[in-house]
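Along the sequence shown, the residues carry numbers beginning at 1. Just so it is clear, the structure is predicted and the values come from calculations on it, not from any experiment.
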Amino acid sequence: MDLTDRRVLITGASRGIGEALARRFAEAGARVALLARNADALRALADELDGTAHPADLADPDVVSGLLERVEADGGPVDVLVNNAALDGGGWFPELDPDEMRDVLQVNLVSVLQLCRQALPGMLDRGRGRIVNISSMAGVAAFPGMATYAATKAGLSHFTETLALDLRGLPVGTTLVELGPIPTDLLEKVDRYQPTRDAFDRAYRLGLITDVPRERVAEEVVGAVERDRAHVRLPRRALAYPLMTQLPRELTRLTLTGIRHRPKP
């Protein structure tokens with residue numbers, strides 16, 4: 001997709017990976033629509049990038065309802081939806097706050113499905129569009145203290161792959177982004193739980209994972225959208241993990257060859 005003058009909606013855009021994505025998409029010629037809870041930081045970034053700011057709390061189902069319609073009413077149709085916002089919700093699972101756990105599920109997974117559902121009809125009608133879902137290697141590899149977060153990311157990855165099957169042959173594509181550790185505020189919060197920190201430290205020492213700068217993530221994601229690529233997986237050294245999860249999906253696709261994957265027109 002040529003991103004020149006295409007409108008890109010990025011959730012969780014006020015900092016971290018979301019901010020880096022906003023800057024890189026703008027550099028590629030896109031018009032950015034930025035969504036996050038921090039209204040002041042969001043508006044400052046939107047002003048800098050000549051985009052639009054949409055303060056919103058994705059943990060609130062009432063806010064998510066009709067959100068795409070409100071964004072498109074302020075700036076035009078969304079050509080690329082980047083679901084980046086996420087909460088960590090880490091810690092000893094039996095002691096997790098139920099409200100916090102609900103918010104993690106809502107932001108990381110439920111709101112993503114809702115926004116995709118809201119965006120797709122317009123994209124299909126216009127004959128163009130892309131859904132980019134930012135997932136995690138935590139959806140494949142289990143680390144202590146990350147049960148809720150990992151569940152949402154596993155669900156997000158599998159949802160994206162299945163959605164790609166539903167959209168096969170149509171002018172709207174998907175990009176699944178599966179990431180290891182990215183130095184951001186979210187990673188700092190995860191590291192505060194000692195068992196998670198110890199598990200990460202061992203994985204670092206064994207060379208299984210390494211930190212990836214958020215700017216590289218942004219570069220890879222924008223490149224994937226421009227080239228219509230279905231996957232971004234970083235760091236490269238951890239590629240085996242998502243590929244092993246991908247194998248059953250590919251085998252299922254082969255098994256179901258010839259089966260209709262959407263209703264007849």
Ile134 reachable from Leu105 in the ILVMFWY side-chain graph, under 4.5 Å edges: no
Assess, by modelled atom type and distance only, whether the side chains of Asn133 and Thr160 contain a donor and an acceptor separated by less than 3.5 Å. yes
Flag yes if more than 12 heavy atoms outside Arg102 fall under 6.0 Å of its CZ atom; otherwise flag no. yes
Leu115 side chain reached by Leu67 side chain, heavy atoms, under 4.5 Å: yes
State the CZ-CZ distance between Arg197 and Arg192, to the nearest 0.5 angstrom. 12.5 Å
Taking CG in Asp50 as the centre, count heavy atoms belonging to other residues, nucleotides or ligands within less than 6.0 Å. Is the count above 12? no
Taking all non-hydrogen atoms of both residues into account, name the closest pair between Ser14 and Asn38 and its distance. OG-CB, 4.0 Å
Is Arg117 atom CZ crowded by more than 12 heavy atoms from other residues, nucleotides or ligands, each under 6.0 Å away? no
Specify the closest pair of heavy atoms between Met137 and Gly180, including all atoms of both residues, with the distance to one decimal. CG-N, 3.6 Å
Taking the side chain as every heavy atom from C-beta outward, state whether Met1 and Arg6 have any atom pair closer than 4.5 Å. yes
Of the non-hydrogen atoms in Arg253 and Leu165, which two are nearest, and what is the gap between them? NE-CD1, 4.4 Å
Taking C-beta and beyond as the side chain, do Asp79 and Arg128 meet within less than 4.5 Å on heavy atoms? yes
Steps toward side-chain contact (heavy atoms from CB on, under 4.5 Å) verdict (Leu35, Ile10): CA-CA 6 Å; Leu35 190 151; Ile10 305 164; over 6 Å; no
Roughly how far apart are Arg236 CZ and Thr210 OG1, rounded to 0.5 Å? 13.0 Å
For the pair Asp211 and Ile182, evaluate side-chain contact (heavy atoms from CB on, under 4.5 Å) and give the outcome as yes or no after the intermediate values. CA-CA 6 Å; Asp211 288 346; Ile182 313 296; over 6 Å; no
Between Thr175 and Arg130, a side-chain donor and acceptor under 3.5 Å: yes
Answer whether the closest heavy-atom distance between the side chains of Ile17 and Leu179 falls below 4.5 Å. yes
Membership question, hydrophobic clusters at under 4.5 Å side-chain separation (ILVMFWY): are Val212 and Val232 in the same one? yes
Is the shortest side-chain heavy-atom distance between Val140 and Lys153 below 4.5 Å? no
Could you check Glu219 against Arg216 for salt bridge (Lys or Arg N to Asp or Glu O under 4.0 Å), going step by step and ending with a plain yes or no? CA-CA 5 Å; Glu219 187 71 30; Arg216 185 184 172 197; over 6 Å; no
Rounded distance [0.5 Å steps], CG in Leu156 versus CD in Glu178: 9.0 Å
Within the 3.5 Å criterion, strictly below it, is a donor on Thr52 or Arg31 matched to an acceptor on the partner's side chain? no
Spacing of CG belonging to Leu58 relative to CG belonging to Asp103, to within rounding of 0.5 Å: 11.0 Å
Mind checking whether Phe25 and Leu49 have side chains closer than 4.5 Å, heavy atoms only? no
Applying side-chain contact (heavy atoms from CB on, under 4.5 Å) to Asp2 and Glu226, what does each step give before you reach the verdict? CA-CA 6 Å; Asp2 181 357; Glu226 291 176 321; over 6 Å; no
Heavy-atom pair with the smallest gap, counting every atom of Gly145 and Tyr193: CA-CE2, 3.6 Å
Identify whether Leu124 and Leu68 are in the same connected component of the hydrophobic contact network (ILVMFWY, side-chain heavy atoms under 4.5 Å). yes
CZ-CG distance between Phe159 and Leu176, expressed to the nearest 0.5 angstrom: 11.0 Å
Criterion salt bridge (Lys or Arg N to Asp or Glu O under 4.0 Å) on Arg23 and Glu48, from CA distance to verdict: CA-CA 9 Å; Arg23 295 185 183 280; Glu48 178 185 343; 2.5 Å; yes
Is any side-chain heavy atom of Glu161 less than 4.5 Å from a side-chain heavy atom of Thr174? no
Considering the options Leu170, Val80, Leu167, Leu81, which one meets the side-chain contact (heavy atoms from CB on, under 4.5 Å) requirement together with Met123? Leu81
Any donor-acceptor N or O pair under 3.5 Å, side chains Asn108, Thr152: yes
Would you compute the distance between atom CG of Asn83 and atom CD1 of Ile131 and round it to the nearest 0.5 angstrom? 6.5 Å
Leu206 and Leu239: same hydrophobic cluster, using ILVMFWY side-chain contacts below 4.5 Å? no
Between Val63 and Val78, is there a shared hydrophobic cluster once you connect ILVMFWY residues whose side-chain heavy atoms come closer than 4.5 Å? no
Restricting to non-hydrogen atoms, name the atom on Ala199 and the atom on Pro144 that form the minimum distance, rounded to 0.1 Å. CB-CD, 3.7 Å
Whether the side chain of Thr148 engages the backbone of Met101 through a donor-acceptor N/O pair (distance < 3.5 Å, no angle test) should be reported. no
Please report the closest heavy-atom contact between Gly89 and Glu100, naming both atoms and the distance. CA-OE2, 3.7 Å
Check whether any side-chain heavy atom of Val82 sits under 4.5 Å from a side-chain heavy atom of Leu9, and report yes or no. no
Give the intermediate values and the outcome of side-chain contact (heavy atoms from CB on, under 4.5 Å) for residues His54 and Asp74. CA-CA 9 Å; His54 307 273; Asp74 179 17; 3.5 Å; yes
For the side chain of Glu215 and the backbone of Ala20, is there at least one donor-acceptor N/O pair under 3.5 Å apart? no
Okay, side chain of Arg126, backbone of Pro77: is any donor-acceptor separation there less than 3.5 Å? no
Arg249-Gln246 side chain donor-acceptor pair, cut-off 3.5 Å: yes
Please confirm whether the backbone N or O of Gly223 pairs with a side-chain atom of Arg229, one donor and one acceptor, at under 3.5 Å? no
His231, NE2: over 12 other non-hydrogen atoms inside 6.0 angstrom: yes
If we ignore hydrogens and angles and just use 3.5 Å, is the side chain of Ser157 paired with the main-chain N or O of Ala154 as donor and acceptor? no
